[in-house]
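Heads up, the thing below is written out as structure tokens.
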Amino acid sequence: MNADPTGEARPAVNAHPRPADFLTELFRSPLDPGYAQAARKRAAGAPPPAAWRRATARGVGLVALVLIGFLLAVAYRYVAAAEPEASRAKAGLVADVRARRATADELQKHADALREEVVRERDAALADSDESARLRNLEAGTGLARVHGDGVVVRVSDAPAPVDPVTGKQSATNPGRVLDRDLQDISNELWRLGAEAVTVNGERLTATSTIRTAGGAILVDFRPVTAPYQVAAIGPGDLRDAFNASATAKRFRTYVATYRMQFSVDRRNGMTFAAAVQPRLRYAQPLRPPESPRPSVSARPTGSPTPPDAPGPSGSPRPAGSPVPSASGGRR
């Protein structure tokens, strides 16, 4: 504190100097203060640390290294012991899936063969009428019959995954990936332009078909399809030009320019589409009207005549003059 001529005390100007800039201080004294103090003690001839301190420090370091090594060995043992079991379980599941898929394919081939046999027998039975041709046209329109003709194939595939410029690894999110709604848009646009039959990677579409995502896979009628995706359609001769001029094709070309998605539309002649899986039919049943309560026996006096319009056993009015059934089933 400095004395004021008036006698009052005031703080000194340099009592708390302003700290220097960090970079300036770093370059001015690059040596850590602890290292500098140790260097000064060594230069002053300070005695080295005792031998027991050095031995204790080495012993503690050795015990720590042994403990870390033991923990690593135990963890590796558990991982190595569990890996064969996990591999066997995964291999068993994969084999089970493949076996069941093969069985399903064999059953589907057998069902297709039986369906073709039924169609042949039906055509033979209806050879003298026009019903056979009408049924064939209906089956082709509903996807339950094999069709052959010319059309287009729309091929679309995922864009390459973007690379993170910092880590150099592929990003987990890919905006150029084909989604289920992309296949829905292409199929609906082909139907709108007059396509008579549409398939997605060989799976025939019908009025009850579904295209949806389950996890990371796209399912068409509960069957997984993988990229590249091919949406084929049999239709009129100008189907390719009409699809190229549609808003759907223009949007996918924008995806190609923005995300590098692969997209092409080609005309194909002589395509054959297999029949779709026959759906399980469900029939609606009319609701039965509730039965009206029957009058009790005590509600009518014994021996009283029955009115002509009295309701019968089913609740409907009985015509006049009709006999009344007795309890034993006879007539009076």
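Being a predicted model, the structure only gives us computed values, none of them experimental. The figures that follow rest on heavy atoms only: side chains count, while hydrogens, waters and symmetry mates do not.
Between Asp112 and Gln108, the side chains place a donor N or O and an acceptor N or O closer than 3.5 Å (distance only, hydrogens not considered). No side-chain donor from either of Thr248 and Asp185 sits under 3.5 Å from a side-chain acceptor of the other.
The hydrophobic clustering, which links ILVMFWY residues whose side-chain heavy atoms are closer than 4.5 Å, places Val153 and Val147 together. Val277 and Ile218 fall into different hydrophobic clusters, where Ile, Leu, Val, Met, Phe, Trp and Tyr side chains are chained together by heavy-atom contacts under 4.5 Å. Cluster annotation: Phe263 is connected to Tyr229 through the hydrophobic network of ILVMFWY side chains, with a link wherever side-chain heavy atoms come within less than 4.5 Å.
Once rounded to the nearest 0.5 Å, the distance linking OG1 of Thr199 with CD1 of Ile234 reads 8.0 Å. Taken from CZ in Phe252 to CG in Asn244, the straight-line distance is 13.0 Å, to the nearest 0.5 Å. Taken to the nearest 0.5 Å, the OG1 atom of Thr210 stands 12.0 Å off from the CZ atom of Arg223. Between Arg177 atom CZ and Asp182 atom CG the span is 11.0 Å, to the nearest 0.5 Å. The CD atom of Gln230 lies 6.5 Å from the CZ atom of Arg155; values are rounded to the nearest 0.5 Å. In this structure, Leu144 CG and Leu138 CG are separated by 10.0 Å, a value rounded to the nearest 0.5 Å.
Between Pro160 and Arg260, the closest side-chain pair of non-hydrogen atoms falls below 4.5 Å. Phe273 places none of its side-chain heavy atoms less than 4.5 Å from the side chain of Arg146. Considering only heavy atoms from C-beta on, Arg122 comes within 4.5 Å of Arg136 through its side chain. When side chains are defined from C-beta on, Val231 counts as touching Val198, because their heavy atoms get closer than 4.5 Å.
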Residue pair Met261, Val156: steps toward the side chain to side chain contact (heavy atoms under 4.5 Å, CB included) verdict: CA-CA 7 Å; Met261 182 186 291; Val156 61; 3.8 Å; yes
Residues Glu189, Arg192; criterion salt bridge (charged side-chain N to carboxylate O under 4.0 Å, His left out); working and verdict: CA-CA 5 Å; Glu189 187 66 28; Arg192 189 185 67 84; 2.5 Å; yes
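Residue Arg181 qualifies as open at atom CZ: its count of foreign heavy atoms under 6.0 Å is 12 or below. In this structure, Arg267 places its CZ atom where more than 12 heavy-atom neighbours from other residues, nucleotides or ligands lie under 6.0 Å away. Within 6.0 Å of CZ on Arg115 lie more than 12 heavy atoms contributed by other residues, nucleotides or ligands.
Ion pairing of Asp105 with Lys109 is absent here, as no side-chain N (NZ or NE/NH1/NH2) approaches a carboxylate O to less than 4.0 Å.
No side-chain donor-acceptor contact under 3.5 Å links Asn269 to the backbone of Asp150. Side chain of Thr142 to backbone of Glu139: a donor-acceptor contact under 3.5 angstrom is found. Counting only distance, with no hydrogens or angles, the side chain of Asn201 and the backbone of Thr226 share a donor-acceptor pair below 3.5 Å. Panel note: side chain Gln184, backbone Ile211; a donor-acceptor pair is recorded below 3.5 Å. Without hydrogens or angle criteria, His148 side chain to Met271 main chain gives a donor-acceptor distance under 3.5 Å. Using a distance-only test at 3.5 Å, with no hydrogens or angles considered, no donor-acceptor pair links the side chain of Arg251 to the main chain of Ser246.
Pairing each heavy atom of Ser187 with each of Val200, the nearest pair is OG-CG2, 4.0 Å.
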